[in-house]
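Here is how names work: the chains are called A, B, and so on, in the same order as the sequence lines, proteins then strands, and each is numbered from 1.
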Protein chains: 2
Amino acid sequence: MAKREDKIGERISEAEHAVMEALWDDSPLTAADVCERVCEQRGWSMPTVKTLLSRLVTKGAVETEADGRRFLYTPTIARADYVGHESRRLVDRLFGGRPASLFAQLAESEALTDQDLAEIERLLKELRS
Amino acid sequence: MAKREDKIGERISEAEHAVMEALWDDSPLTAADVCERVCEQRGWSMPTVKTLLSRLVTKGAVETEADGRRFLYTPTIARADYVGHESRRLVDRLFGGRPASLFAQLAESEALTDQDLAEIERLLKELRS
DNA sequence: GCCAATCGATTACGCCTGTAAACCTGTCGC
DNA sequence: GCGACAGGTTTACAGGCGTAATCGATTGGC
């Protein structure tokens with residue numbers, strides 16, 4: 001049942017997360033590649049991306065592979081794991097660990113469209129089988 | 001439709017959140033009251049609670065009412081608003097704003113018990129009417 | 001072979017957060 | 001009336017985060 005590398009040790013910050021998204025979207029990437037995909041959108045400059053990448057490497061969320069004189073960066077944790085981890089954190093912190101409460105909250109606060117409801121219904125049906 | 005005081009300006013930190021929970025649970029409270037409910041559990045001392053309360057007041061998340069020489073603290077934002085806000089933040093950040101994806105994630109990662117499923121189903125049915 | 005461009009590493013720095021000690025002041029007991 | 005205490009305010013300080021400049025090494029062009 002080894003449930004897929006569950007090593008999400010140190011917390012990933014907001015800015016670092018943006019970098020992770022780029023890498024999850026496509027990897028390995030060089031620092032320049034990453035910058036190309038996030039710098040404009042976030043108003044960052046290269047040095048910022050370099051720093052974030054280093055920190056992610058230190059945290060063990062990203063690993064490097066030498067390619068001549070530069071590095072290629074690859075995530076070591078799966079996006080699904082990260083996302084699952086963060087979701088559970090939220091559910092624990094705000095909903096006493098009861099996902100149904102989260103759902104109720106989203107429902108009650110308008111946040112669910114008809115499409116969402118339909119999709120959730122479909123998933124529910126699937127889980128029943 | 002004034003959707004209930006939506007003033008969640010500054011972000012509330014983790015530690016501050018613990019204090020908010022105490023106040024949401026029961027308010028108004030004095031600083032000592034708050035400490036009584038969270039200090040042991042979190043391993044805090046009075047000064048820490050005082051600091052957190054001050055910061056929350058500065059952030060406008062809590063307001064004070066004088067009671068003789070001391071203060072009574074009361075939340076100015078509703079728990080439901082805070083929780084909704086944070087939930088939406090997560091959905092936006094990690095699931096491209098699609099709540100159904102969050103649901104799918106929770107489903108796929110074991111996190112949903114039969115009870116959860118039953119409850120969600122019930123809520124769904126309710127929303128349909 | 002030497003210079004400029006390229007890259008990663010090191011250093012910087014202000015703000016927020018967690019956690020508290022120190023300080024000031026009003027008050028209640030004696 | 002005076003000292004101990006309760007309670008709020010100020011100050012502190014280390015670590016994380018956002019953002020970046022600077023340094024040092026490598027290398028491709030000429």
Peer 1: Just compare C:dG8, D:dG7, D:dT27 and give me whichever is closest to any side-chain atom of A:Phe71.
Peer 2: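 My answer, after comparing the listed nucleotides, is C:dG8.
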Peer 1: Kindly indicate whether the side chain of A:Val62, heavy atoms from C-beta on, has any atom under 4.5 Å from the side chain of A:Val19.
Peer 2: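 Not in contact.
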Peer 1: Look at A:Lys50 and D:dT22 and indicate whether a side-chain polar atom (N or O) is within less than 4.0 Å of OP1 or OP2.
Peer 2: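 False: A:Lys50 side-chain N/O out of range (4.0 Å or more) of D:dT22 OP1/OP2.
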Peer 1: Rounded to the nearest angstrom, tell me the gap between atom CG in B:Leu52 and atom C1' in D:dG8.
Peer 2: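 Between C1' of D:dG8 and CG of B:Leu52: 14 Å.
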Peer 1: Can you find an N or O donor on one side and an acceptor on the other, under 3.5 Å apart, linking the side chain of A:Arg55 with the base of D:dT19?
Peer 2: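 Side chain to base: pair present.
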Peer 1: Just call it for A:Ala31: base, sugar-phosphate, or nothing, with non-hydrogen atoms closer than 4.0 Å on any strand.
Peer 2: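 Counting heavy atoms under 4.0 Å across all strands, the contact made by A:Ala31 is with sugar-phosphate only.
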Peer 1: If you check the A:Pro47 side chain, which of C:dA21, D:dA21, D:dG7 turns out closest?
Peer 2: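 Selected nucleotide: D:dA21.
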Peer 1: Check whether any side-chain nitrogen or oxygen of A:Ser13 sits under 4.0 Å from OP1 or OP2 of D:dG18, and answer yes or no.
Peer 2: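 Yes, within the criterion.
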Peer 1: Which residue, A:Arg11, A:Lys59, A:Arg55, forms the side-chain hydrogen bond (donor to acceptor under 3.5 Å, both in side chains) with A:Glu16?
Peer 2: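 Of A:Arg11, A:Lys59, A:Arg55, side-chain hydrogen bond (donor to acceptor under 3.5 Å, both in side chains) with A:Glu16 is met by A:Lys59 alone.
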Peer 1: Considering just the side-chain nitrogens and oxygens of B:Arg70, establish if one lies under 4.0 Å of OP1 or OP2 belonging to D:dG7.
Peer 2: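 Affirmative; the distance criterion is met.
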Peer 1: Round to the nearest Å and state the distance from B:Leu56 atom CG to C:dG18 atom P.
Peer 2: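 Distance, rounded to whole Å: 10 Å.
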Peer 1: Under 4.0 Å between any heavy atoms, over every strand shown, what does B:Thr51 touch: base, sugar-phosphate, or nothing? Just pick one.
Peer 2: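 Since a base atom lies under 4.0 Å of B:Thr51, the category is base.
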Peer 1: Respond yes when some side-chain nitrogen or oxygen of A:Tyr73 is under 4.0 Å from OP1 or OP2 of C:dC7, and no when none is.
Peer 2: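 So the side chain of A:Tyr73 is outside the cut-off, no N or O lying under 4.0 Å from OP1 or OP2 of C:dC7.
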Peer 1: To the nearest Å, how far apart are A:Arg42 CZ and D:dA20 P?
Peer 2: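 Taking atom P of D:dA20 as the reference, CZ of A:Arg42 is at 11 Å.
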Peer 1: In whole angstrom, give the distance that lies between atom NE2 of A:His17 and atom P of D:dC17.
Peer 2: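 It is 14 Å, rounded to the nearest whole Å.
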Peer 1: So does B:Asp67 have more than 12 non-hydrogen atoms from other groups sitting under 6.0 Å from CG?
Peer 2: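 Atom CG in B:Asp67 is packed in, count exceeds 12.
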Peer 1: In whole angstrom, give the distance that lies between atom CZ of A:Arg69 and atom P of C:dC7.
Peer 2: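 That distance rounds to 6 Å.
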Peer 1: For B:Glu14 and C:dC16, give me the distance from atom CD to atom P, rounded to whole Å.
Peer 2: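 Rounding to the nearest Å, CD of B:Glu14 and P of C:dC16 are 18 Å apart.
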Peer 1: Distance check: side-chain N/O of B:Thr48 vs OP1/OP2 of C:dA20, anything under 4.0 Å?
Peer 2: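 Checking C:dA20 against B:Thr48, a side-chain N or O does come within under 4.0 Å of OP1 or OP2.
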Peer 1: Nearest to the side chain of B:Glu16 - C:dA20, D:dA20, C:dT17?
Peer 2: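 Of the options given, the side chain of B:Glu16 lies nearest C:dT17.
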Peer 1: With respect to the phosphate group of D:dG8, does any side-chain polar atom (N or O) of B:Ser54 fall under 4.0 Å of OP1 or OP2?
Peer 2: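 Result: no.
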Peer 1: Are more than 12 heavy atoms from other residues, nucleotides or ligands located less than 6.0 Å from atom CG of B:Asp114?
Peer 2: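 Result for CG/B:Asp114: open.
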Peer 1: Could you state the atom-to-atom distance from CD1 of B:Ile12 to P of C:dC16 in whole Å?
Peer 2: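 Atom-to-atom, B:Ile12 to C:dC16, this comes out as 15 Å.
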Peer 1: Using atom CE of B:Met46 as one end and atom P of C:dA21 as the other, report the distance to the nearest whole Å.
Peer 2: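 Rounded to whole Å, this separation is 13 Å.
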Peer 1: Quick check on B:Glu14: does its CD atom have over 12 non-hydrogen neighbours (other residues, nucleotides or ligands) under 6.0 Å away?
Peer 2: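 Check passes, neighbour count above 12.
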